[in-house]
Amino acid sequence: MIGTVEASTRPVLDALAREGLFETATVVLVGSVARGAMTPRSDIDVLVLHAGSGRLRLKRPGDIHLQQDSRSRFLRRLQDGDDYPGWALRFGEPMHDPDGWWAQQTAAELRAPHWPDWRAKAEHAGKRMGIASEMLDVGDVDAASEELLFAASHVARATLLKQGMFPLSRPELPSQLEATDRDFAKLLDQLIGGDMDTDGLISAASLLEERLDRLSAAPVS
C-alpha cells in the first residue's frame with residue numbers, strides 16, 4: 001500500500017516543484033490511509049500546508065482528496081478548537097517536510113496538546129442532516145446517503161470528544177463507539193458501507209437526530 005500511496009501522491013510533489021513551492025510547502029498524508037484503516041471507498045487524503053499564499057491546481061488528482069491551507073491558518077484553526085488540525089498533528093504521516101516545520105509543530109502538540117471543541121462537530125452535523133433531508137425529499141438517495149455519512153461522522157466525533165476520547169479515522173469510529181453506543185456504532189458502519197435503502201436512511205436520520213439531542217442534553221464527562 002505504501003508504494004501505491006507514494007505513486008498517487010507523486011503528482012502533488014511534482015506540481016509543487018513546477019510551481020516553485022517544493023522548498024516551502026509541507027505535505028502530510030491524513031485520513032484512514034495514514035492510519036492503515038482504509039476501506040475500498042477510501043480516498044487518499046493529502047494535506048498541503050503553504051508557508052505563504054500559494055496553492056496547487058491539479059488537473060487530474062485521481063483518487064487523491066487534496067486539501068490545502070496556509071500554515072498560519074492551520075495553526076489558528078488548531079487554537080480555535082477545530083479537530084482537523086489536531087488530528088493531523090497526532091496521526092498524520094509527513095511525506096514532505098523540507099524545513100522541519102511539521103516536526104516542530106508535532107513536537108509542540110505532543111508537549112501541550114489541544115483538545116477540540118465537540119460543539120463545532122455537532123453544529124456541522126446539524127447542517128449536513130439538513131442537506132440530507134432535502135436530498136431525501138427529492139429522492140436523491142445517493143446524495144442523502146453521503147450527507148448522512150458526513151453527519152454521522154460528525155456526531156460520532158462530537159460524542160467521543162465529549163467523552164474524552166480522541167476520534168480516529170472514519171472507518172475506526174464504529175469500534176470506538178461500540179462500548180458505549182452499539183446501535184450508533186452499527187448505524188455508522190452501515191453508512192460507511194453505503195448499502196442502505198431509502199427506508200434505512202430515514203431511520204438513520206431519526207437516530208442521528210436523537211443522538212444530537214442527547215449530546216446537547218448530557219453533561220460533559
Side-chain angles (χ1 to χ4, degrees), residues 1-117 120-121 124 146 149-150 153-154 156-157 160-161 165-173 176 192:
M1 183 63 193
I2 296 299
T4 300
V5 171
E6 291 178 347
S8 298
T9 55
R10 175 52 54 184
V12 176
L13 300 179
D14 290 345
L16 286 171
R18 284 196 309 271
E19 298 181 28
L21 300 170
F22 195 75
E23 299 303 323
T24 60
T26 297
V27 181
V28 183
L29 183 68
V30 293
S32 60
V33 176
R35 290 281 303 162
M38 53 283 192
T39 71
R41 300 180 68 191
S42 295
D43 291 323
I44 297 175
D45 295 294
V46 177
L47 171 64
V48 177
L49 295 168
H50 299 280
S53 57
R55 290 186 72 82
L56 298 180
R57 294 174 178 82
L58 292 183
K59 293 182 179 179
R60 297 180 180 85
D63 56 357
I64 293 175
H65 180 212
L66 179 63
Q67 301 189 58
Q68 302 187 68
D69 208 345
S70 68
R71 292 176 175 181
S72 58
R73 184 173 182 274
F74 177 86
L75 294 179
R76 286 198 302 273
R77 291 169 60 191
L78 178 68
Q79 295 288 341
D80 290 342
D82 187 339
D83 72 318
Y84 182 80
W87 195 102
L89 287 168
R90 281 173 169 82
F91 305 120
E93 294 290 338
M95 304 194 70
H96 182 65
D97 188 25
D99 56 359
W101 181 84
W102 186 257
Q104 294 175 10
Q105 302 310 317
T106 54
E109 184 66 13
L110 183 63
R111 290 193 301 269
H114 295 79
W115 195 257
D117 186 353
K121 305 309 295 182
H124 291 318
E146 181 176 359
L149 174 57
F150 279 118
S153 300
H154 286 314
R157 293 186 175 107
L160 292 168
L161 287 169
M165 296 176 61
F166 202 97
L168 301 178
S169 65
R170 180 185 285 167
E172 297 172 283
L173 295 177
Q176 287 188 282
I192 291 171

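Atoms considered below: every heavy atom in the structure, side chains included; atoms not considered: hydrogens, waters and symmetry mates.
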Residues that Glu172 engages under side-chain contact (heavy atoms from CB on, under 4.5 Å), provided they are two or more places apart: Arg35, Ala37, Leu168, Ser169
Set of salt bridge (charged side-chain N to carboxylate O under 4.0 Å, His left out) partners for Asp99, sequence neighbours left out: Arg71
Arg76: side-chain contact (heavy atoms from CB on, under 4.5 Å) partners, not counting sequence neighbours: Ser72, Arg73
Distance, nearest 0.5 Å, that separates CG of Leu21 from OG1 of Thr26: 11.5 Å
Derivation and outcome, side-chain contact (heavy atoms from CB on, under 4.5 Å), residues Phe74 and Gln105: CA-CA 11 Å; Phe74 177 86; Gln105 302 310 317; 5.8 Å; no
Main-chain N/O of Ala103 paired with Asp97 side-chain donor or acceptor, under 3.5 Å: yes
Gap between atom CZ of Arg77 and atom CD of Gln79 - 0.5 Å precision: 13.0 Å
Minimum heavy-atom distance Leu16-His50, with the two atoms named: CD2-CE1, 4.3 Å
Listed partners of His114 passing ring pair (Phe, Tyr, Trp, His ring centres under 6.0 Å), at least two apart: none
Partners meeting side-chain contact (heavy atoms from CB on, under 4.5 Å) with Trp115 (sequence neighbours left out): Arg90, Leu161, Phe166
Of all pairs that satisfy salt bridge (charged side-chain N to carboxylate O under 4.0 Å, His left out), the ones with a partner from residues 14-32, not counting sequence neighbours: Arg10-Asp14
Shortest non-hydrogen separation from Ser153 to Arg170 and the atoms involved: OG-NE, 3.0 Å
For Thr106, all residues meeting side-chain contact (heavy atoms from CB on, under 4.5 Å), sequence neighbours excluded: Leu89, Trp102
Test side-chain hydrogen bond (donor to acceptor under 3.5 Å, both in side chains) applied to Asp117 - qualifying residues, sequence neighbours left out: Arg119
ring-ring contact (aromatic ring centres under 6.0 Å, His included) pairs, two or more places apart, involving residues 15-35: Phe22-His96
Least distance between heavy atoms, Val30 atom then Ala88 atom: CG1-CB, 4.0 Å
Worked verdict on Asp80 versus Asp82 for side-chain contact (heavy atoms from CB on, under 4.5 Å): CA-CA 6 Å; Asp80 290 342; Asp82 187 339; 5.6 Å; no
Evaluation steps, side-chain contact (heavy atoms from CB on, under 4.5 Å), between Asp45 and Val33: CA-CA 7 Å; Asp45 295 294; Val33 176; 5.9 Å; no
Spacing of Trp101 atom CH2 and Leu49 atom CG [to the nearest 0.5 Å]: 5.0 Å
Contacts of type side-chain hydrogen bond (donor to acceptor under 3.5 Å, both in side chains), residue Arg157, not counting sequence neighbours: none
Test item: Pro167 and Leu173 side chains (from C-beta on) under 4.5 Å apart, heavy atoms: yes
Min side-chain heavy-atom separation Met95-Val46 under 4.5 Å: no
